[in-house]
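Reminder, nothing fancy here: chain letters follow the sequence lines and each chain counts from 1.
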2 protein chains.
Amino acid sequence: MPVDESRSEPAVRARAGIEDVALAAGVSVATVSRAIRGLPNVAVATRERVLAVAAELRYQADPAAARLAAGSTRTVAVGVPDPATWFFAKVVGGIERKLLAAGYDLLLSGIPDAAHRSRFLYMNAPGGRRCDASILVNVALVPEEAGEAVADGHRLVTVGFRYEGFSSVTIDNVTAASRAVEHLISLGHRRIGLMGMVMDNAMNFVVPPMRRQGYLRAHEAAGLQVDPGIESVANSTSDASRVIGRTMLDSPDRPSAVFAMSDEQAFGVMLAAQDLGLNVPEDLSVVGVDDHDQSELIGLTTVRQGVDELGAMAAELLLEAIEGGTVRHVEVPTELILRSSTAPRRS
Amino acid sequence: MPVDESRSEPAVRARAGIEDVALAAGVSVATVSRAIRGLPNVAVATRERVLAVAAELRYQADPAAARLAAGSTRTVAVGVPDPATWFFAKVVGGIERKLLAAGYDLLLSGIPDAAHRSRFLYMNAPGGRRCDASILVNVALVPEEAGEAVADGHRLVTVGFRYEGFSSVTIDNVTAASRAVEHLISLGHRRIGLMGMVMDNAMNFVVPPMRRQGYLRAHEAAGLQVDPGIESVANSTSDASRVIGRTMLDSPDRPSAVFAMSDEQAFGVMLAAQDLGLNVPEDLSVVGVDDHDQSELIGLTTVRQGVDELGAMAAELLLEAIEGGTVRHVEVPTELILRSSTAPRRS
DNA sequence: TTGAAAGCGCTACCAG
DNA sequence: CTGGTAGCGCTTTCAA
């Protein structure tokens with residue numbers, strides 16, 4: 001299968017430039033440029049000839065030169081906290097699919113902290129000329145940044161949260177969470193733990209409070225008190241939640257159910273339960289949010305959000321924004337999916 | 001949380017150009033360029049002044065212009081079959097981490113088929129001037145492409161398979177697979193099904209045959225016959241493997257164990273077993289390859305490969321290649337991890 | 001150590 | 001409908 005061919009010459013085979021095409025087609029470079037980009041004012045015959053020659057020579061405009069001259073980059077920058085995470089990978093997948101079809105390049109950036117966030121914004125601002133627009137996934141902006149971005153005329157679409165001035169795609173986080181908790185309450189649970197996402201003040205201060213609000217709202221609606229003692233936060237990974245979950249569950253008055261802000265966190269809670277010899281759902285009911293790929297096999301009850309769809313929709317809004325379309329906010333629906341991780345409270 | 005500020009002027013705030021910096025610092029643009037890029041032949045005092053002014057003006061070189069003039073792009077293209085898949089997301093995560101640190105941009109492309117593969121190669125060839133180098137993850141090349149890439153002086157590193165002429169990072173697929181199957185055999189299993197990855201002739205014709213070879217080798221070493229009747233292939237998703245798995249398992253002489261070429265495929269087999277009312281591991285042992293994030297919770301026995309590490313190593317080799325380093329092949333070790341999805345064959 | 005000027009390869013304007 | 005040509009904003013000789 002592999003191929004051998006001892007790298008003899010690192011000589012980069014010279015590539016045809018627009019001038020070569022012009023020469024070969026017997027027209028000017030201006031005409032080649034117009035013909036290839038499908039601009040008007042080119043005779044059909046001429047266009048065909050140019051296209052044929054270009055194909056023959058495998059001509060491809062130098063993107064850097066085209067950008068410099070035209071100003072547009074045909075590139076979209078996408079920023080996510082961590083590209084290796086299930087949720088973000090799915091979103092990026094959805095974006096990529098649309099962008100590939102539209103002929104845009106996708107520049108992917110990890111945004112682990114506030115410094116990278118501001119760097120991302122600056123680099124990808126219209127003046128930066130690196131991309132035509134950008135998408136920020138679950139990366140909240142502080143007001144100054146948002147204001148500056150708007151002032152800069154930044155073409156930005158956000159997913160996970162919403163800013164006036166930019167298109168966005170979100171879910172109704174409060175409702176999603178309260179729906180999950182209501183389900184638990186309807187099963188007779190009265191002590192319901194919360195496994196929350198850490199609200200690093202610089203990065204993720206939008207989604208967690210909303211989901212927490214849903215948790216509170218469901219309690220309130222049922223006339224139940226919440227116990228801050230069984231409310232914890234962890235990084236939204238399975239491992240971190242497992243560790244934190246262990247301390248929440250390792251107590252005589254442990255909750256009989258836990259609402260986790262994401263499926264991965266729910267997995268962590270299940271692992272914690274397992275570590276302590278507790279059975280799900282007999283000893284502990286668990287519900288998450290996402291409908292992760294493995295949630296069915298694991299039997300996790302969850303509130304489903306179409307993550308891939310989130311990304312695809314974001315890409316669509318972005319393309320609209322590039323075309324000069326209006327700002328739109330899209331809210332993707334969610335759905336409670338019942339599986340085997342939740343059961344009536346044991347009397 | 002959101003910010004309002006009715007987008008008054010889409011006016012892109014003019015950004016400082018190199019000339020502005022030169023003016024403000026009282027030097028020429030050439031000096032600014034040298035100073036900022038840390039080139040020699042700039043007086044310390046001058047450099048400091050320029051840097052100060054540049055920071056003040058938030059100057060940032062226009063990447064397109066810099067590319068056009070210098071030829072180098074500070075960009076790396078990464079091609080994966082499907083960016084939304086667990087394995088690829090992890091690899092990309094590892095790459096991204098290293099690249100971010102090295103100050104390179106990452107251009108992500110999905111390569112769903114052979115046409116996109118050849119497009120990727122052409123666009124990202126040195127002559128294309130879109131990137132300085134590229135990484136191809138589990139995308140095999142046909143000989144002509146590989147030869148052309150070498151001839152073009154393509155700076156490429158591959159992960160998952162190996163071509164002479166390019167750096168690569170792989171695992172020993174044959175050994176990984178045979179280790180998994182040996183484990184099954186050691187538990188007394190004699191009829192071991194194979195859930196293989198589909199070998200689309202254009203895309204993925206390297207890894208699956210090697211893992212299959214490991215499967216065969218383990219049988220052979222134990223003096224066992226394989227039964228082609230319990231050898232299937234499916235897309236390497238959980239869902240596809242579930243469907244195919246059902247037909248493999250829905251038979252009186254079904255295997256007592258299955259080796260799946262990836263953990264996600266193993267999950268599919270477990271789902272299939274569940275669909276048919278079979279218990280794992282009592283009625284069926286299952287082993288996979290990867291050590292997926294959810295494999296511990298699911299209790300899947302598997303052959304672990306450090307997927308993030310695969311990506312990080314690829315990025316390192318790439319950076320070396322850009323610096324003009326030598327071609328290297330790295331083989332990342334694997335490890336059998338015993339969990340609860342495998343058990344001795346029931347007599 | 002510095003500056004002037006010639007491109008990098010293309011697009012866009014304007015004249016024909 | 002077509003061609004000439006002036007840049008796009010930077011890097012990189014080459015001279016000073």
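As rounded to whole Å, 11 Å separates atom C1' of D:dG9 from atom CG of B:Asp20. Rounded to an integer number of Å, the gap from CD1 of B:Ile36 to P of D:dG9 is 16 Å. Between B:Leu39 atom CG and C:dG3 atom P the separation is 15 Å, expressed in whole Å. In this entry the distance linking CD of B:Glu19 with C1' of D:dT11 reads 14 Å, nearest Å. With rounding to whole Å, A:Arg74 atom CZ is found 16 Å from C:dC10 atom C1'. Per the geometry, CZ belonging to A:Arg67 stands 15 Å off C1' belonging to D:dC10, to the nearest Å. Summarising the geometry, the separation between CG on B:Leu23 and C1' on C:dT2 is reported as 16 Å, rounded to the nearest angstrom.
At a threshold of 4.0 angstrom between heavy atoms, the contacts of B:Ala30 include nucleobase atoms, whether or not backbone atoms are also involved. As judged by a 4.0 angstrom heavy-atom cut-off over every strand, B:Asp62 is placed among residues touching the sugar-phosphate backbone only.
In terms of heavy-atom proximity, B:Ala35 sits nearest to B:Leu51 at O-CD1, 4.0 Å.
In terms of phosphate contacts, B:Thr31 brings no side-chain nitrogen or oxygen within less than 4.0 Å of OP1 or OP2 of C:dT2. In terms of phosphate contacts, A:Ser28 brings no side-chain nitrogen or oxygen within less than 4.0 Å of OP1 or OP2 of D:dG4. The side chain of B:Thr46 places an N or O atom within less than 4.0 Å of a non-bridging phosphate oxygen (OP1 or OP2) of C:dT2. Residue B:Tyr59 has no polar side-chain atom (N or O) positioned under 4.0 Å from OP1 or OP2 of D:dG9.
Looking only at distances, no side-chain donor or acceptor of A:Arg155 sits under 3.5 Å from a matching main-chain atom of A:Phe166. Between the side chain of B:Ser134 and the main chain of B:Leu156, no donor-acceptor pair closer than 3.5 Å is present.
Remark on DNA chain C: of its neighbouring residues A:Gly17 and B:Gly26, the 5'-side contact belongs to B:Gly26, judged by nearest-heavy-atom nucleotide. The residue among A:Arg129 and A:Val27 whose nearest nucleotide of DNA chain D is located toward the 5' end is A:Val27.
Annotation: side chain of B:Thr170 is not in contact with side chain of B:Val159 (no heavy-atom distance under 4.5 Å). No side-chain heavy atom of A:Phe88 sits under 4.5 Å from any side-chain heavy atom of A:Pro83.
Atom CZ of B:Arg119 has 12 or fewer heavy atoms from other residues, nucleotides or ligands within 6.0 Å.
Closest to the side chain of A:Asn41, out of D:dT12, C:dT11, D:dT2, is D:dT2. For A:Arg37, the side-chain atoms get nearest to C:dA12 when compared with the rest of C:dA12, C:dC10, D:dG3. For B:Arg34, the listed nucleotide lying nearest its side chain is D:dT13; candidates were D:dC10, D:dT13, C:dC10. Distances were taken from every side-chain heavy atom of B:Ile18 (C-beta onward) to each of C:dC10, D:dT11, C:dT11; the shortest belongs to D:dT11. Distance from the side chain of A:Ala70 is smallest for C:dA12 among the nucleotides C:dA12, D:dC8, C:dT2. Picking from D:dT11, C:dA4, D:dG9 the nucleotide with the shortest atom distance to the side chain of A:Leu68 gives D:dG9. Among the nucleotides C:dG9, D:dG3, C:dT1, the one closest to the side chain of B:Ala43 is C:dT1.
Using a 4.0 Å cut-off between a side-chain N of Lys or Arg and a carboxylate O of Asp or Glu, B:Arg97 and B:Asp308 qualify as a salt bridge. Salt-bridge formation is detected for the pair A:Arg130/B:Asp105: a Lys NZ or Arg NE/NH1/NH2 atom is positioned less than 4.0 Å from an Asp or Glu carboxylate oxygen.
Terminal axes of the helix from C:dT1-D:dA16 to C:dG16-D:dC1 (five pairs each, C1' rotation axis) are separated by 30°, to the nearest 10°.
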